[in-house]
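Notes for the one structure printed next.
Below, chain A is the first sequence line, B the second, and so on; all start at residue 1.
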2 protein chains.
Amino acid sequence: MAQTVKKDGTVGKALEILDLVATFNRPVRFSELLSISEQPKATLYRFLQTLTNQGMLSYDEDRQVYSMGLRLVRLAHSAWQSASLAPLASEMLDILEEEVGETIHLAQMENGQVLFVDKRRSSVLFETLAQAGRIAPAHCTGVGKAILAFMAPERLERALKQQAFVPYTASTHKDRESLIAEFDTIRAEGVAFDREEHERGIISIAAPILLNNGKVVGSVSIATTTSRHSLKDLETFKPQLLQATKAIGDAATTWQFPSPK
Amino acid sequence: MAQTVKKDGTVGKALEILDLVATFNRPVRFSELLSISEQPKATLYRFLQTLTNQGMLSYDEDRQVYSMGLRLVRLAHSAWQSASLAPLASEMLDILEEEVGETIHLAQMENGQVLFVDKRRSSVLFETLAQAGRIAPAHCTGVGKAILAFMAPERLERALKQQAFVPYTASTHKDRESLIAEFDTIRAEGVAFDREEHERGIISIAAPILLNNGKVVGSVSIATTTSRHSLKDLETFKPQLLQATKAIGDAATTWQFPSPK
DNA sequence: GTAGATGTTCCAAATAATGGAACTTAGTTT
DNA sequence: AAACTAAGTTCCATTATTTGGAACATCTAC
């Protein structure tokens with residue numbers, strides 16, 4: 001279990017249920033939730049009512065199904081704007097995209113997983129919230145490994161405990177040791193490679209975003225397909241990538257929120 | 001006060017605090033929150049701790065400020081995908097954009113406010129404030145009025161109670177009566193106009209998205225600036241707009257979530 | 001009509017939230 | 001450098017809320 005022990009009382013339980021509904025990625029019946037949830041019937045029922053009342057979930061009376069609520073979209077907009085690296089990094093990502101002409105991802109760590117907070121892609125027009133918010137495992141992605149390799153010991157320890165080490169492809173790290181073994185190389189080179197570890201045919205080069213005090217706050221990757229490019233090709237983008245992550249790191253360090261006055 | 005009476009115990013209070021932090025749109029200190037919150041010091045403190053623990057908020061130890069948490073971005077991604085009209089409407093919005101070549105917004109109602117869930121824009125120059133997740137008042141926007149005018153009586157009543165009737169411009173409806181008076185026209189014409197009611201120089205034409213059973217579930221608008229177009233110009237887009245909203249309404253009506261099995 | 005499953009409500013017991021006040025730390029003034 | 005002030009944190013007996021087993025209601029299928 002990648003789940004950590006929760007000690008946050010009623011609120012924690014309610015949010016756990018929110019996560020539960022989210023994992024379905026489709027409207028879901030009460031009984032379906034009941035069968036997976038730890039909570040007894042009446043308790044689960046009450047939580048669903050409360051969350052629906054609050055707009056965190058929505059309930060379709062005709063179909064008798066729960067979905068995620070729009071209040072989340074509103075709240076996330078605020079989160080994305082004021083708490084993610086996206087607004088800060090936007091310019092640098094634009095520049096990087098222009099330089100390399102490949103798909104760019106901006107990621108941060110959330111509960112041991114990689115959370116994509118922004119993206120640039122050379123071809124198709126896309127809407128931010130549609131793609132932002134997607135998650136991926138940390139142990140088998142360039143963005144994930146780039147962050148993990150630069151984490152402080154106890155933060156890393158916590159993150160590693162949350163990895164499930166699902167072996168997506170033949171080259172996926174299948175245990176903790178194998179993953180850790182790569183960190184020295186990543187730290188030495190300053191970049192991490194995804195060698196089709198998450199998806200066959202998809203490779204990437206990723207670099208961490210570091211604050212001036214050394215803390216990792218996120219990472220940027222340049223991703224492509226094996227049919228278009230080799231790892232060697234990606235390596236030629238390294239200078240531009242590092243320049244971008246450096247610039248974002250500097251911006252994140254000096255960034256001050258607007259004075260309260 | 002546009003605030004409704006909350007009866008959702010601890011969870012409701014916690015979410016209220018989340019909203020409170022969101023309104024700041026910037027990292028915020030404990031004392032700032034305390035000064036506006038209803039909650040006593042210790043209670044507020046504990047809630048902030050819990051929410052931070054849960055990833056719904058994030059806390060910057062150095063600056064001692066709270067921001068919205070990335071868990072919201074993850075959850076909202078799920079909400080946007082499975083509970084908003086956006087995925088369903090995407091194709092139709094693409095077509096509409098191509099036909100009219102102006103900025104398109106897709107909106108839904110959330111807690112009496114208009115919530116933008118998707119957007120298409122033809123020119124980068126004309127940057128409206130609206131992006132996915134962004135909110136706006138209902139009483140002074142095309143999308144808002146288009147939805148309100150087609151709401152069932154008690155839903156409308158609840159929504160009207162939540163309007164603050166802030167007079168943004170000279171043409172903003174400044175009270176309930178003035179707003180309601182326009183509804184007959186909107187219902188008769190099938191579209192609502194924003195006559196610079198929210199922002200000077202910005203006008204729009206909007207149409208409701210109706211399910212086959214008559215329920216309004218959202219609206220679509222075509223927005224432009226007065227320097228580029230007049231209201232008459234916008235009116236020429238009416239057929240295309242109505243065709244798009246009809247198609248989205250049909251899709252929303254027949255849409256079935258993937259079978260649980 | 002009946003069986004079975006799903007969804008909703010009740011209420012006394014168990015538990016968690018509450019908040020006034022005391023305490024600690026950080027920042028400022030005399 | 002002591003005294004003051006404001007901000008943030010912890011404590012704990014009291015209070016209020018959550019809890020969940022079980023009964024009840026509703027729907028579905030045969």
Side-chain angles (χ1 to χ4, degrees), chain A residues 3-21 24 26-54 56-69 213 256-261, chain B residues 4-21 24 26-69 213 256-261:
Chain A
Q3 279 290 55
T4 44
V5 190
K6 303 282 167 65
K7 266 290 201 176
D8 289 318
T10 314
V11 176
K13 284 178 214 164
L15 296 177
E16 213 171 294
I17 287 167
L18 218 51
D19 268 345
L20 198 64
V21 177
F24 280 86
R26 60 169 172 83
V28 62
R29 293 189 80 87
F30 175 70
S31 58
E32 297 183 86
L33 291 168
L34 183 61
S35 67
I36 330 180
S37 170
E38 315 265 79
Q39 308 296 336
K41 217 177 181 185
T43 304
L44 177 64
Y45 184 75
R46 232 175 314 103
F47 272 126
L48 289 173
Q49 293 238 110
T50 304
L51 290 169
T52 303
N53 243 324
Q54 290 289 325
M56 302 297 278
L57 293 177
S58 71
Y59 181 65
D60 181 332
E61 298 204 331
D62 299 331
R63 303 195 214 278
Q64 296 199 111
V65 285
Y66 296 90
S67 323
M68 303 303 283
N213 63 19
Q256 297 281 358
F257 56 90
S259 137
K261 180 115 66 51
Chain B
T4 43
V5 189
K6 303 280 168 66
K7 265 289 200 177
D8 289 318
T10 313
V11 176
K13 283 180 216 164
L15 296 177
E16 214 171 291
I17 286 168
L18 218 49
D19 268 344
L20 197 65
V21 177
F24 279 86
R26 59 169 172 82
V28 61
R29 293 188 79 88
F30 174 71
S31 57
E32 296 182 86
L33 291 168
L34 183 61
S35 66
I36 330 178
S37 170
E38 314 266 78
Q39 308 297 337
K41 216 178 182 183
T43 304
L44 178 64
Y45 183 75
R46 232 175 316 104
F47 273 126
L48 291 173
Q49 292 238 109
T50 304
L51 290 169
T52 303
N53 244 323
Q54 289 290 326
M56 302 298 277
L57 293 177
S58 71
Y59 181 65
D60 181 333
E61 298 204 330
D62 299 331
R63 303 197 214 278
Q64 295 198 113
V65 285
Y66 295 90
S67 324
M68 304 302 284
N213 64 18
Q256 297 281 359
F257 55 91
S259 138
K261 180 113 68 52

May I ask you to decide if Leu34(A)'s main-chain N or O and Ser37(A)'s side chain share a donor-acceptor pair within less than 3.5 Å?
no
Distance in angstrom units between Leu33(A) CG and dT6(C) C1', rounded
13 Å
Could you state the atom-to-atom distance from CD of Gln49(B) to C1' of dT10(D) in whole Å?
10 Å
Whole-Å distance between dA17(C) P and Leu51(B) CG?
12 Å
Please determine if a side-chain N or O atom of Tyr45(A) lies less than 4.0 Å away from the OP1 or OP2 oxygen of dT8(C).
yes
I'd like to check Tyr45(B) versus Gln39(B) (side-chain heavy atoms, cut-off strictly below 4.5 Å). Are they in contact?
no
Please determine whether a side-chain nitrogen or oxygen atom of Thr43(A) lies at a distance below 4.0 Å from atom OP1 or OP2 of dT19(D).
no
side-chain contact (heavy atoms from CB on, under 4.5 Å) test vs Val28(B) passes for just one of Ile36(B), Val65(B), Val21(B), Leu20(B), namely Val21(B)
If you compare every side-chain N and O of Arg46(B) against the phosphate oxygens of dT18(C) (OP1, OP2), does one of them come in below 4.0 Å?
yes
Could you check whether the side chain of Arg29(A) and the base of dG7(C) have a donor-acceptor pair of N or O atoms closer than 3.5 Å, going by distance alone?
no
Rounded to the Å, how far apart are Gln64(B) CD and dT24(C) C1'?
13 Å
Test item: Arg46(A) and Thr43(A) side chains (from C-beta on) under 4.5 Å apart, heavy atoms:
yes
Which sits closer to the 5' end of DNA chain D, Ser31(B) or Lys13(A), going by the nucleotide each is nearest to?
Ser31(B)
dT8(C), dT10(D), dG20(D): which one has an atom nearest the side-chain heavy atoms of Ala42(B)?
dT10(D)
Heavy atoms from C-beta onward define the side chain here; which of dT10(D), dT8(C), dT18(D) lies closest to that of Phe30(A)?
dT8(C)
Once you round it to whole Å, what is the distance between P of dT15(C) and CD of Gln39(A)?
14 Å
Taking CG from Leu44(A) and P from dG20(D), how many angstroms apart are they, rounded to a whole number?
11 Å
Side chain proximity check, Leu33(B) to Phe24(B), heavy atoms < 4.5 angstrom:
yes
Quick one: on DNA chain D, does Thr10(A) or Lys41(A) contact a more 5' nucleotide (nearest heavy atom)?
Thr10(A)
Quick one: Leu48(B) CG to dT10(D) P, roughly how many Å, whole number?
13 Å
Separation of Asp8(B) atom CG from dT17(D) atom P, in whole Å?
12 Å
